[in-house]
Amino acid sequence: MSGRLRIVVGISGASGAALGVRVVELLAETGQCDIHLVVTHHAERTLLHEVGRNALSALAAMATRHHADEDIGASIASGSFRTAGMIVAPCSIRTLSAIATSAANNLLVRAADVQLKERRRLVLMVRETPLHLGHLRAMTAATEIGAIIAPPVPAFYHKPASMAAVIDQIARRAIDLLDLDLHLPVHEWEGEDRIRDAGQR
């Protein structure tokens with residue numbers, strides 16, 4: 001693998017397509033990544049509804065390679081194609097369940113399965129609430145085979161001023177979980193003493 005980091009980003013059909021968009025934007029902004037994008041057909045519909053008419057074409061333009069979800073012969077479907085990890089943002093329960101059971105019937109799930117079998121980091125931003133026992137068991141199964149379950153839960157300690165700020169922080173945390181040196185700062189909790197001291201100045 002070259003000096004650039006190959007990162008796979010999958011976008012499934014769950015609500016929250018803006019999360020995947022922001023992940024791709026942040027990775028592209030680093031100038032250090034080759035982004036391999038795979039978007040399911042359901043996700044294309046969600047992107048259109050939640051983000052806008054040109055969302056998919058804008059994403060494809062930022063990616064190094066936009067793979068069709070039905071292209072099981074794509075480079076990211078093979079473990080010999082070395083990557084630095086994968087993020088699925090958002091991850092639907094259907095996609096989670098397929099990953100948990102290795103039911104690789106599309107490229108997104110196959111690429112995720114490759115990360116697991118090659119012992120690479122796989123971050124699943126599972127987007128569902130409330131959760132029933134089947135959902136929880138699927139999360140447990142995915143965790144047991146090596147995935148990182150990272151539901152897109154907003155942080156409030158940094159007092160976000162907009163929805164864009166919430167999405168940005170969630171996307172940064174997901175990228176941070178890949179444990180790569182990409183210089184994408186995340187708002188960190190500095191402890192109550194630090195905040196109290198700042199307020200007394």
S.K.: Does some side-chain heavy atom of K117 sit less than 4.5 Å from a side-chain heavy atom of V114?
M.R.: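 A side-chain contact exists here, since the closest heavy-atom pair is under 4.5 Å.
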
S.K.: For S75, give me all partners under side chain to side chain contact (heavy atoms under 4.5 Å, CB included), at least two apart in sequence or on another chain.
M.R.: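 S75 satisfies side chain to side chain contact (heavy atoms under 4.5 Å, CB included) with H36, H67, F81 only.
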
S.K.: With sequence neighbours left out, what residues match D113 under side chain to side chain donor-acceptor pair (under 3.5 Å)?
M.R.: S102

S.K.: Are there over 12 heavy-atom neighbours, none belonging to H66, within less than 6.0 Å of that residue's NE2?
M.R.: yes

S.K.: For residues V186 and I175, determine if any side-chain heavy atom of one lies less than 4.5 Å from a side-chain heavy atom of the other.
M.R.: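 V186 does not reach I175 side chain to side chain.
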
S.K.: Exactly one of R6, R121, E118, Q115 should register a side-chain hydrogen bond (donor to acceptor under 3.5 Å, both in side chains) with T83. Which one does?
M.R.: Q115

S.K.: In the structure I gave you, are the side-chain heavy atoms of V123 and L178 within less than 4.5 Å of one another anywhere?
M.R.: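 Side chain of V123 against side chain of L178, heavy atoms only: contact under 4.5 Å found.
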
S.K.: Ring-plane angle category for Y157 and W189, please: parallel below 30°, perpendicular beyond 60°, tilted otherwise.
M.R.: perpendicular

S.K.: Quick check: do D168 and L26 have side-chain heavy atoms less than 4.5 Å from each other?
M.R.: yes

S.K.: Under 3.5 Å, which donor-acceptor pairs link side chains of residues 86-94 to any protein atom two or more places apart or in another chain?
M.R.:
| residue | atom | partner | partner atom | Å |
| --- | --- | --- | --- | --- |
| S92 | OG | T95 | N | 3.1 |
| S92 | OG | T95 | OG1 | 3.1 |

S.K.: Dump the intermediate steps for side-chain contact (heavy atoms from CB on, under 4.5 Å) on I11 and L37, then the final yes or no.
M.R.: CA-CA 8 Å; I11 302 179; L37 176 69; 4.1 Å; yes

S.K.: Same cluster for I99 and L107 if Ile/Leu/Val/Met/Phe/Trp/Tyr side chains link at under 4.5 Å?
M.R.: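 In one cluster with I99: L107, yes.
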
S.K.: Test I167 against L19 for side-chain contact (heavy atoms from CB on, under 4.5 Å), laying out the working first.
M.R.: CA-CA 6 Å; I167 292 169; L19 295 165; 4.1 Å; yes

S.K.: Please determine whether the number of non-hydrogen atoms from other residues, nucleotides or ligands lying under 6.0 Å from atom CZ of R172 exceeds 12.
M.R.: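 Enclosed: over 12 neighbouring heavy atoms sit under 6.0 Å from CZ of R172.
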
S.K.: Indicate yes or no: does D34 engage R4 in a salt bridge with an N to O separation below 4.0 Å.
M.R.: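 Salt bridge between D34 and R4, a charged N being under 4.0 Å from a carboxylate O: yes.
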
S.K.: Using modelled atom types and a 3.5 Å cut-off, is there a donor and acceptor pairing between side-chain atoms of T64 and backbone atoms of I35?
M.R.: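 Confirmed, T64 side chain pairs with I35 backbone.
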
S.K.: In this structure, are over 12 heavy atoms from other groups packed under 6.0 Å from R120 atom CZ?
M.R.: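 Yes - once you tally the heavy atoms of other residues, nucleotides and ligands closer than 6.0 Å, there are more than 12.
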
